[in-house]
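The block underneath contains the structure these notes are about, expressed in structure tokens.
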Amino acid sequence: MEISSRYNPSQIEEKWYSYWMEKSYFHSEPDERKPFTIVIPPPNVTGVLHMGHILNNTIQDILIRRARMQGYNACWVPGTDHASIATEAKVVHMLKEKGISKKDISREEFMHYAWQWKEKHGGIILQQLKRLGISCDWDRLSFTMDEALSESVTAVFVDLYRKGYIYRGIRMVNWDPKALTAVSDEEVIYKEVQSHLYYLRYRVEGSEQDYISIATTRPETLLGDTAVCVHPDDPRYQHFLGRRVIVPLVNRSVPVIADTYVDRDFGTGALKITPAHDINDYQLGIKYKLESINIFNDDGTLNEFAGLLVGMDRFEARKAILPLLEEAQLLIKVENYVHKVGYSERTQEVIEPKLSRQWFCDMAALARPALEVVMNDEVRFFPDKFKNTYAHWVENVKDWCISRQLWWGHRIPAYYLPNQEVVVAASQEEAYHLARERFPELDIRISDLQQEEDVLDTWFSSWLWPITVFDGMRYPDNDDIRYYYPTSVLITAPDIIFFWVARMIMAGMEWRGEIPFRDVYFTGMVRDHLGRKMSKSLGNSPDPIALMDTYGTDGIRMGMLLSAPAGNDLMFDESLCEQGRNFNNKIWNALRLIKGWKVDDKLSIPAHANIAVEWFDARFNQVLAEIDDAFQKYRLSDALMSVYKLIWDDFCACFLEIVKPPYQQAVDAVTYQAACTNLGRLMQVLHPFMPFITEEVWHLLYGEEKGDIIVSSMPQVLTFDASIIETFVFSMEVVEQIRRIRTEKNIAQKHSLELYLSPRQQQAMFEEVVIKLCNLSKIQRVDTKPTATLSFMLHTQEFFIPFGETLDVEEEKRKLQEEMQYLEGFLDKVEKKLSNQAFVENAPEKVVEIERKKQNDARQKLSLLQQKWQDLD
RNA sequence: GAGAUAUUAGCUCAGUUGGUUUAGAGCGCUUGCUUGACAGGCAAGAGGUCACAGGUUCAAAUCCUGUAUAUCUCACCA
């Protein structure tokens, strides 16, 4: 058979992916098997593949492929979310390029363009994910604005409204001046920035010299100031209480008020109050019934109420106001100052606190059961340190601002009546009937109903995802939801634990009375090798598609996973993908070796091969048990490393090297069969991690005989003989010693050697294996030590290799001394322990026993070494 | 400001309820190899007072206290 010496993944990957798709192996329908379900964390429909997706989806694919091979009915539901803010921004941008402004078109027209955009550009990421080999049930592809999901969102809104959880009110919210919408508290990222603290002078009304100086980071907001506040007990300001001061530049007279909120030690101890533009000032404004002057337009420019700098952007205004203050001699000084500023998670724009009417959802009642199921491990977190984070948020959960001033999304099903009242209903018709019922005297017509313009937060649909992808909200008893829900495991990043994970649990408990998933596996964040977050602006993220081209998909999957312990951030390094690629090549060449053998049915299996077959069987099962254990704990990188070493070290370096026939000689049928079987089952164990090469090798091994590896049965752990492994390990230690001697003495592998050992052998050894691997002509027991030998010692067994007359006595002595020194140190430590009365009395007998054995062994070995020393003299 | 988690070899990480021949892995590094599957390989080797300082214990990488550093979460200090 002609197989190239290098594995070339590119041709193979596409072939198998389309083959699996043709065979519908990814598709799942409810049946009598146990389900294993995952719902994908829906990527943003505008998104493109980044390293985080690679990590997250590789893990999901590993779990789902393994479950499939273990006989579960595996179902992985893919999909995307509609990403209100991001998508609307894309569409607005596209329209702008066409010379169309959003203001100039109707909502319907805009939605038309938006859907067009979505159909054309949305979901690129899904195609990219296919390249990663992920085995989602593409027939179940969902989108958060699909009809079923949209209807569910509406129904949930109506339900929560009727339960009294949803309300509308005027609040200070986080305004994104770029996206022109409110965002929730969770969507604000606070970052430390280098800024300035400006000290300003507010003249006291009716006085020529008196003034109060205040410190602020936002001098431009003084245009909206309606008070100055000091601490009531601050002696510096006692005489100003009850008086009024003049706001600089606009010359507005505002009161000096006193409140304990003020920190006397910060700045000057006096605080300017801008109720319209600061959450704390807003509270004080309510408390002291202050006027609230909104000086900003929605886009962050100053409006006519500012009086000055009208039309200027808020940051421009901050700069522009300084010379004016200076000119008026009201700017005292400017200090450097580091403080935290909130940024919009979506647009990176600085958030502007803004007073506006929004829809909120009271979360307290929803949170209670969601807290309990996590704390009692009904929903298990991996790693469980995130239970703390989760508990803290859920216990202190705030009302959720769910309205967004956008068009792309689920329009809030609230209808305003001519009398300013509002009715909430799933459709306009229902709302109409409701309105007539409630206000029979008004004689309302359906055209009088004005639907709310705002849409809902995207997360308001995402939190229903595990239910709505199975249409379990509209049809709570349908076969799918009853079979697949609760799902088995959720794989996600910890940064959306509040946005998404917590809310899904709340939704699950609220509408199905059941958790949405049993386990949550939190992946780490992918960072570069310097520990920096991967980001577009830093340009430190490799292009995932290019990586797949270079190292193969299996290679990048391995590279990603090798460094990915659950929940810890991982420093991604391309060299790990290289390791993956090299591993593929290793497997490929193992296959080439086996397939290159001539098989002779007449030959019987040699003794060394027979041992190798029996040993590998035991070893395989031993490692399989380790792998199972690792999977139970979601220690996937450990599991992969175990497979890696099983294949590279145990199968290639040991098994194949032992059974390999000499050049151009045939192999017996039993050995050949065993080699094929072993490689085959190794491919099965590896398949979830590296789907492509394993399917390819499987077919090259078995043709069509055993079907496809993707749907084959995962090997199960069988009992194994541990003593074989023990003997083998010792044999390999002997092999290593002989190899070391060969290297040290520069003895070529071609040159065969003899091995002698003293008859007092304690540890069993597979002599045939040692002979084969070390090119020995014989192994022989002798009573007396042969002359002119090299020697080594393992445990308390001494080995000799007769070799020439070139023994370097001094060198030999030096080594002996080194070894003796080590042993003496060791013995000293052990004996110190044993001579400690308290240790012998208190430690468990087993532990003391071990120490005694250590002592004995060390003494014995030492005396042997001393003997050797004497012999050298 | 409060809390959580971490700190083990050059790098990335294991190390289970304290005790298993004076700490393990992968990569990297050093040395030697055209070894008839693989140089994307083979063989051998070097490399760590387990962040620091105390304490508990017969026994500490492991438990406790403090310090330092890092990351994350929360918090209204202008």
Side-chain angles (χ1 to χ4, degrees), chain A residues 3 5-7 190 197 214-218 221 229 261-263 265-268 270-274 278-281 283 337 339-340 383 385-386 388-390 392-393 396 494-495 497-498 525 527 529 531 551 562-565 567-573 575-576 578-579 581-597 633 635 637-638 641 644-645 652-653 656-657 660 662-664 736 739-744 746 748-750 775 795 822-823 825-830 833 836-844 846-848 850-851 853-855 857-858 861:
Chain A
I3 310 179
S5 76
R6 288 221 173 161
Y7 173 62
Y190 288 92
L197 201 51
I214 60 95
T216 179
T217 53
R218 300 193 63 188
T221 62
C229 187
Y261 163 75
V262 176
D263 178 354
D265 300 326
F266 187 89
T268 60
L271 176 64
K272 70 188 219 35
I273 306 294
T274 325
D278 182 281
I279 179 71
N280 303 301
D281 292 8
Q283 311 286 358
Y337 183 59
H339 73 139
K340 289 200 169 177
K385 66 177 178 185
F386 288 112
N388 279 326
T389 314
Y390 177 88
H392 185 263
W393 185 80
N396 300 287
D495 54 345
I497 188 169
F498 312 135
M525 180 175 292
R527 296 172 179 276
H529 66 286
Y551 302 104
L562 268 184
S563 57
N568 286 340
D569 285 358
L570 55 110
M571 312 298 158
F572 180 79
D573 203 319
S575 69
L576 292 166
E578 198 181 331
Q579 196 182 345
R581 182 197 63 180
N582 294 351
F583 183 42
N584 281 349
N585 202 49
K586 186 73 183 174
I587 293 166
W588 191 246
N589 278 288
L591 175 77
R592 282 182 64 218
L593 175 67
I594 296 170
K595 294 311 274 187
W597 287 338
K633 297 168 181 157
R635 298 181 63 139
S637 48
D638 286 2
M641 187 46 74
Y644 177 79
K645 287 197 282 190
C652 293
L656 288 179
E657 286 302 328
K660 184 156 119 175
Y663 181 52
Q664 284 192 330
E736 275 161 31
R739 283 172 173 170
R740 185 178 56 79
I741 286 174
R742 275 188 186 277
T743 304
E744 273 175 15
N746 231 327
Q749 175 72 13
K750 277 181 261 179
N775 188 19
H795 304 224
Y822 169 88
L823 266 175
F826 176 71
L827 188 63
D828 194 50
K829 199 181 148 187
V830 173
K833 228 176 191 179
N836 184 343
Q837 198 69 19
F839 170 73
V840 182
E841 278 167 16
N842 292 321
K846 225 172 117 188
V847 175
V848 180
I850 288 164
E851 291 303 312
K853 179 151 176 18
K854 282 191 202 169
Q855 184 190 31
D857 286 355
K861 212 165 164 181

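Below, chains carry the letters A, B, ... as their sequence lines are ordered, and counting in each starts from 1. Side chains are part of it too, since the values below use all heavy atoms of this structure and drop only hydrogens, waters and symmetry mates.
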Q. If you pin Asp278(A) and Tyr190(A) to their nearest nucleotides in RNA chain B, which one's is more 5'?
A. Tyr190(A)
(Q) Side chain of Phe266(A) only, heavy atoms from C-beta on: which candidate in C74(B), A78(B), G26(B) is closest? (A) A78(B)
(Q) I need the CD-C1' distance between Gln283(A) and C76(B), as an integer number of Å. (A) 9 Å
Q | Protein-nucleotide distance (Leu271(A), atom CG; C77(B), atom P), rounded to Å | A | 13 Å
Q | Base-contact (B) and sugar-phosphate-only (S) positions in nucleotides 8-16 of chain B, heavy-atom cut-off under 4.0 Å, - elsewhere | A | ----SSSS-
Q | C50(B) - base-pair partner by Watson-Crick or wobble geometry, distances under 3.5 Å | A | none
Q) According to the Watson-Crick and G-U wobble definitions, with both distances under 3.5 Å, which nucleotide is paired to C77(B)? A) none
(Q) Looking at A44(B), which nucleotide sits across from it as a Watson-Crick or G-U wobble partner, both distances under 3.5 angstrom, or is there none? (A) U30(B)
Q.
Walk along nucleotides 37-44 of chain B from 5' to 3' and tag each nucleotide B, S or - by protein heavy-atom contact under 4.0 Å, base first, then sugar-phosphate.
A. BB-BSSSS
(Q) Measure CG/Leu823(A) against P/U22(B) and give the value in whole Å, please. (A) 10 Å
Q. Between Lys829(A) (NZ) and U20(B) (C1'), how many Å, whole number?
A. 12 Å
Q. Phe826(A) or Asn836(A): which one's nearest nucleotide on RNA chain B is closer to the 5' end?
A. Phe826(A)
(Q) Return the pairing partner of A39(B) with a 3.5 Å limit on both distances, Watson-Crick or G-U wobble; otherwise return none. (A) none
Q) Which base sits across from C72(B) as a Watson-Crick or G-U pair, both distances under 3.5 Å? A) G3(B)
Q.
Under 3.5 Å for both donor-acceptor distances, Watson-Crick or wobble: does G18(B) have a partner, and if so which one?
A. none
Q) Which is true for Ile279(A) with a 4.0 Å heavy-atom rule: it touches a base, it touches only sugar-phosphate, or it touches nothing? A) nothing
Q | Minimum-distance nucleotide (side-chain atoms of Lys385(A) versus A25(B), A78(B), U5(B)) | A | U5(B)
Q.
Can you see if the side chain of Tyr644(A) gets near the phosphate of C27(B) - specifically, an N or O under 4.0 Å from OP1 or OP2?
A. yes
Q: Sort out the partner of A61(B) for me: Watson-Crick or G-U wobble, both distances under 3.5 Å, none otherwise.
A: none
Q) Contact class for Gln579(A) (heavy atom, under 4.0 Å): base, sugar-phosphate, or nothing? A) sugar-phosphate
Q: Can you tell me the pairing partner of C13(B) across any strand shown, Watson-Crick or G-U wobble, with both distances under 3.5 angstrom?
A: G24(B)
Q | N or O in side chain of Tyr390(A) less than 4.0 angstrom from U73(B) OP1/OP2 | A | no
Q: Between A78(B), C58(B), U21(B), spot the one nearest the side chain of Thr217(A), thanks.
A: A78(B)
